[in-house]
There are 2 protein chains.
Amino acid sequence: MRRTGDLKLIQELNQFIVLDAIRESGPISRSAIAKKHNLSLTTVTSLVKNLMEEGYVTEAGIGESSGGRKPRLIKFCPDSRYLIGVSLRNSRITIAEMNLNAVVKQQKIIPVIQQEQVIATILEQIERFLEEIQNDKENCIGISFITQGIVNTAKGMIHYNPKLKLIDVPLKKYLEERFKLPVWLDNDTNAHILAEKHLGIRPVHDHAIYITIGDGVGAGIVVNGQMYRGASGGAGEFGHTTIDRGGIPCDCGNVGCLENYVSWPALYSRILTFIKKGRQTLIYSLANEDIRSISPRILVEAVNLKDPFAVELMNETASYLSAGIVNLLHLFNPNTLILGGEVTNHNPYLLEKIEENVKRQALKILVEDLEIRQTTFGDHLEMTGAAAVLLQDFFEFSLIAK
Amino acid sequence: MRRTGDLKLIQELNQFIVLDAIRESGPISRSAIAKKHNLSLTTVTSLVKNLMEEGYVTEAGIGESSGGRKPRLIKFCPDSRYLIGVSLRNSRITIAEMNLNAVVKQQKIIPVIQQEQVIATILEQIERFLEEIQNDKENCIGISFITQGIVNTAKGMIHYNPKLKLIDVPLKKYLEERFKLPVWLDNDTNAHILAEKHLGIRPVHDHAIYITIGDGVGAGIVVNGQMYRGASGGAGEFGHTTIDRGGIPCDCGNVGCLENYVSWPALYSRILTFIKKGRQTLIYSLANEDIRSISPRILVEAVNLKDPFAVELMNETASYLSAGIVNLLHLFNPNTLILGGEVTNHNPYLLEKIEENVKRQALKILVEDLEIRQTTFGDHLEMTGAAAVLLQDFFEFSLIAK
DNA sequence: TCAAGTTAATACACTCACTGGAGAAAGTAA
DNA sequence: TTACTTTCTCCAGTGAGTGTATTAACTTGA
């Protein structure tokens with residue numbers, strides 16, 4: 001349902017604009033905000049007063065004079081509230097307390113032992129975590145839950161998660177009822193691109209695609225500046241796009257799916273075949289001749305050491321992946337393409353090859369202004385993603401009534 | 001630049017809501033609008049008065065009583081203003097005067113003879129058309145221009161049109177300067193999906209894709225309820241997505257592009273090869289044994305008459321096209337897929353085959369609620385599209401300052 | 001050193017769009 | 001005919017933003 005216009009709406013809209021200005025450009029003076037956004041100084045003063053009373057912003061000393069009275073600067077207070085991020089990935093639950101800048105304050109990682117009771121375990125662990133952090137629940141703006149698989153954000157349901165055998169679980173409802181807090185629920189790839197967009201070091205444009213290559217292959221999509229999830233939360237199933245009509249049949253029912261060529265399990269199986277033939281590769285020695293120890297990290301290390309087999313594997317991977325990426329570009333015409341996941345991290349050779357292929361194969365106008373790069377996040381990627389999902393919604397004005 | 005909140009903004013927003021209610025649900029009473037949208041009756045009365053003064057709505061008699069005073073109904077006046085639609089397609093310019101419901105009042109089709117002077121011809125022909133229709137320019141809300149190729153809507157430029165050799169033409173500027181009217185510029189496929197969304201007989205959901213198969217293969221995309229054009233207007237280049245890594249090289253630099261398998265030129269060339277081998281097909285006889293007369297319409301006719309070769313050709317086309325469509329579904333997860341263009345029109349067999357293939361190959365959750373259908377528009381599709389581009393923007397409230 | 005000019009922030013009267021209540025107008029139902 | 005509904009308008013009241021006057025604080029240059 002759409003909101004109608006009234007005085008509350010004006011104030012709310014302007015308050016969002018002022019808070020945004022302080023978050024993005026703070027410390028900043030009242031008069032600078034007024035000039036930048038065409039608001040009267042009076043209005044800005046009054047809104048800043050409100051924001052101060054709620055604790056979101058505070059005075060931050062005196063600025064430099066530009067020929068008159070020195071400005072009193074206002075800054076954002078990221079620690080005035082906190083939020084809880086939860087990530088469910090494979091068989092591991094991560095719970096963290098973060099501030100309004102997505103900085104992790106406390107974190108806890110719990111392995112899931114009994115798969116049948118995942119949901120019960122999650123609820124119990126969050127409960128315990130909330131008790132442990134001993135922070136006033138009044139100051140908690142909500143819980144953000146991210147997980148693999150297909151998630152229906154609108155309905156607040158985990159639609160389909162094959163690994164944990166979750167089908168149509170109304171998790172948002174469960175969490176809201178138990179903890180009496182607002183809850184956000186989203187897919188992890190989506191969360192990652194939101195993190196890049198809102199919290200990344202380098203700015204992300206209005207049309208960005210984030211590709212992860214790990215156990216599976218997925219894509220997070222930002223279009224028109226918004227997250228795009230599709231009709232039932234299944235958008236970005238990049239791993240199941242066909243690049244070869246005559247290719248390998250896939251479990252999903254389709255043929256020649258990208259995932260069967262470039263995901264880690266696919267690469268691993270090819271490495272094994274090679275080793276079993278008795279042929280030489282650094283990958284084997286880096287893993288101490290134990291095939292179970294071969295990991296994406298070792299593969300990447302071998303590539304960086306220019307092991308011929310590893311390099312050849314990357315060439316092929318780049319070739320397959322580029323075909324998929326070119327399709328993406330032709331359909332979405334993004335201006336930023338971000339590569340993440342274990343296979344691509346710290347792997348400049350792969351990135352370079354992909355860029356080379358893509359720029360040759362795609363329509364020129366679509367790659368002219370395209371930037372291809374790796375993710376800027378390190379360790380806390382998961383939690384940063386969870387925070388981004390919540391924060392981008394929390395700090396954005398919307399005409400849709402909630 | 002984002003708009004700030006003030007009293008004008010509330011009124012404008014509410015006025016849009018009221019006008020929308022009258023357009024969508026009219027004739028309707030003031031009190032029904034108030035109840036439906038949670039506005040006070042006083043506000044509705046006042047806004048309706050404004051709208052009446054501007055001529056957009058008018059009283060439309062007395063409605064049925066529901067136990068009290070009979071309501072005075074308000075209806076939308078589509079003829080209170082007019083707009084000019086222009087379509088540039090292959091070597092033909094179509095210009096039309098339409099009302100606010102996209103009903104064509106007057107139309108003119110002009111062949112373009114000298115390709116070098118396309119732009120000059122367009123400007124001249126619009127000038128002449130405006131004189132001929134003898135309608136007060138005051139009542140013209142703008143000109144909507146649609147064309148093939150890649151169009152940058154934000155910059156108002158035809159970015160790339162290979163057939164007419166247009167590169168980076170600032171057409172919007174040209175038109176605005178010459179006619180002193182607001183101008184909209186968009187790609188024709190985009191226009192078609194907007195027509196389906198806003199003016200179609202059956203409703204289109206918030207995530208829809210429109211595929212046209214004709215001389216080329218293109219896709220118009222609506223996501224989150226908005227038109228999606230991409231970073232530089234090149235989104236939806238569906239024809240240049242790879243479905244076969246080992247396939248036919250394409251002019252675009254890529255390999256195995258869909259367009260080389262299912263576009264009309266591709267089909268035509270296969271029909272010619274077949275006929276030249278001296279083999280029998282209804283297509284040849286329906287074209288009076290003149291290969292130059294073979295058209296998409298004749299092919300479709302042969303399919304409907306169950307000509308074995310034509311049917312086999314459709315089976316193959318469906319197979320290629322389905323692979324491309326499955327990719328689209330996996331990336332966009334739409335809830336409506338609309339097929340248009342000369343090859344698919346009046347061709348239920350092709351539609352059925354595609355639906356069959358797609359439902360088998362795509363992830364189940366992505367096709368569960370998917371509706372695949374043909375376009376609902378007939379003759380005036382081009383002009384309706386042009387009108388849709390303008391009208392959807394004209395009647396939509398936006399927080400972005402213009 | 002001090003007056004003139006600038007910039008920053010606040011105080012207050014004013015404007016304007018929405019709201020709610022009073023009341024008129026025009027029906028229905030018993 | 002009376003009681004009750006529903007539709008619509010009029011009018012005073014509310015509140016958020018605006019412009020102007022005012023105060024505060026600083027820079028510049030004579």
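Keep in mind that what you see is a predicted model, and the values were worked out from it rather than measured. Naming: A, B, ... by sequence-line order, numbering from 1 per chain. For the numbers below, each heavy atom of this structure counts, side chains included, while hydrogens, waters and symmetry mates do not.
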hbond_proxy A:Ser46 side chain to D:dG17 base (donor-acceptor, 3.5 Å cutoff): no
D:dA25 base to A:Arg69 side chain: any donor-acceptor pair below 3.5 Å? no
Respond yes when some side-chain nitrogen or oxygen of [X] is under 4.0 Å from OP1 or OP2 of [N], and no when none is.
X       : N      : answer
B:Thr45 : D:dT9  : yes
B:Asn14 : C:dC18 : yes
B:Ser40 : C:dT19 : yes
B:Thr43 : C:dA17 : no
A:Lys70 : C:dT7  : no
A:Ser31 : C:dA8  : yes
B:Arg30 : D:dT9  : yes

Starting at [atom1] of [X] and ending at [atom2] of [N], how long is that distance when rounded to a whole Å?
X       : N      : atom1 : atom2 : result
B:Leu41 : D:dC11 : CG    : P     : 16 Å
B:Glu12 : D:dG17 : CD    : P     : 17 Å
A:Ile33 : D:dG17 : CD1   : P     : 14 Å
B:Ile62 : D:dT6  : CD1   : P     : 18 Å
B:Leu73 : C:dA26 : CG    : C1'   : 15 Å
B:Leu39 : D:dC8  : CG    : P     : 15 Å
A:Gln11 : D:dT18 : CD    : C1'   : 15 Å
B:Lys35 : D:dT6  : NZ    : P     : 7 Å

Hey, which sits more toward the 5' end of DNA chain C by its nearest nucleotide, A:Gly67 or A:Ala32? A:Gly67
Any heavy-atom pair between the side chains of B:Ile126 and B:Val86 that's under 4.5 Å? yes
Remember a base hit wins even if backbone is also touched, and classify [X] as base, sugar-phosphate or nothing at under 4.0 Å, heavy atoms.
X       : result
B:Lys49 : nothing
A:Thr42 : base
B:Leu7  : base

Pairing of B:Arg72 and B:Glu59 as salt bridge, 4.0 angstrom limit: yes
Should the pair B:Arg81-B:Glu138 be classified as a salt bridge under the 4.0 Å nitrogen-to-oxygen rule? no
On DNA chain D, does the nearest nucleotide to B:Ser29 precede the nearest nucleotide to B:Asp6 from the 5' side, or the other way round? Give the residue. B:Ser29
In terms of the nearest nucleotide of DNA chain D, which residue is placed more toward the 5' end: B:Ser66 or A:Ile10? B:Ser66
Considering only side-chain heavy atoms of B:Pro71, which listed nucleotide, D:dC8, D:dG17, D:dT6, is closest? D:dC8
For the side chain of B:Ser65, starting at C-beta, report the closest nucleotide among C:dT28, D:dA16, C:dC18. C:dT28
For B:Lys155 and B:Ser232, does a side-chain donor sit closer than 3.5 Å to a side-chain acceptor? no
Looking only at side-chain N and O atoms, does B:Thr153 offer a donor or acceptor that is under 3.5 Å from a partner on B:Arg229? yes
Decide side chain to side chain contact (heavy atoms under 4.5 Å, CB included) for B:Arg2 and A:Leu13; before the verdict, give the C-alpha distance in whole Å, the side-chain angles of both, and the deciding distance to 0.1 Å. CA-CA 10 Å; B:Arg2 205 160 169 196; A:Leu13 171 58; 4.0 Å; yes
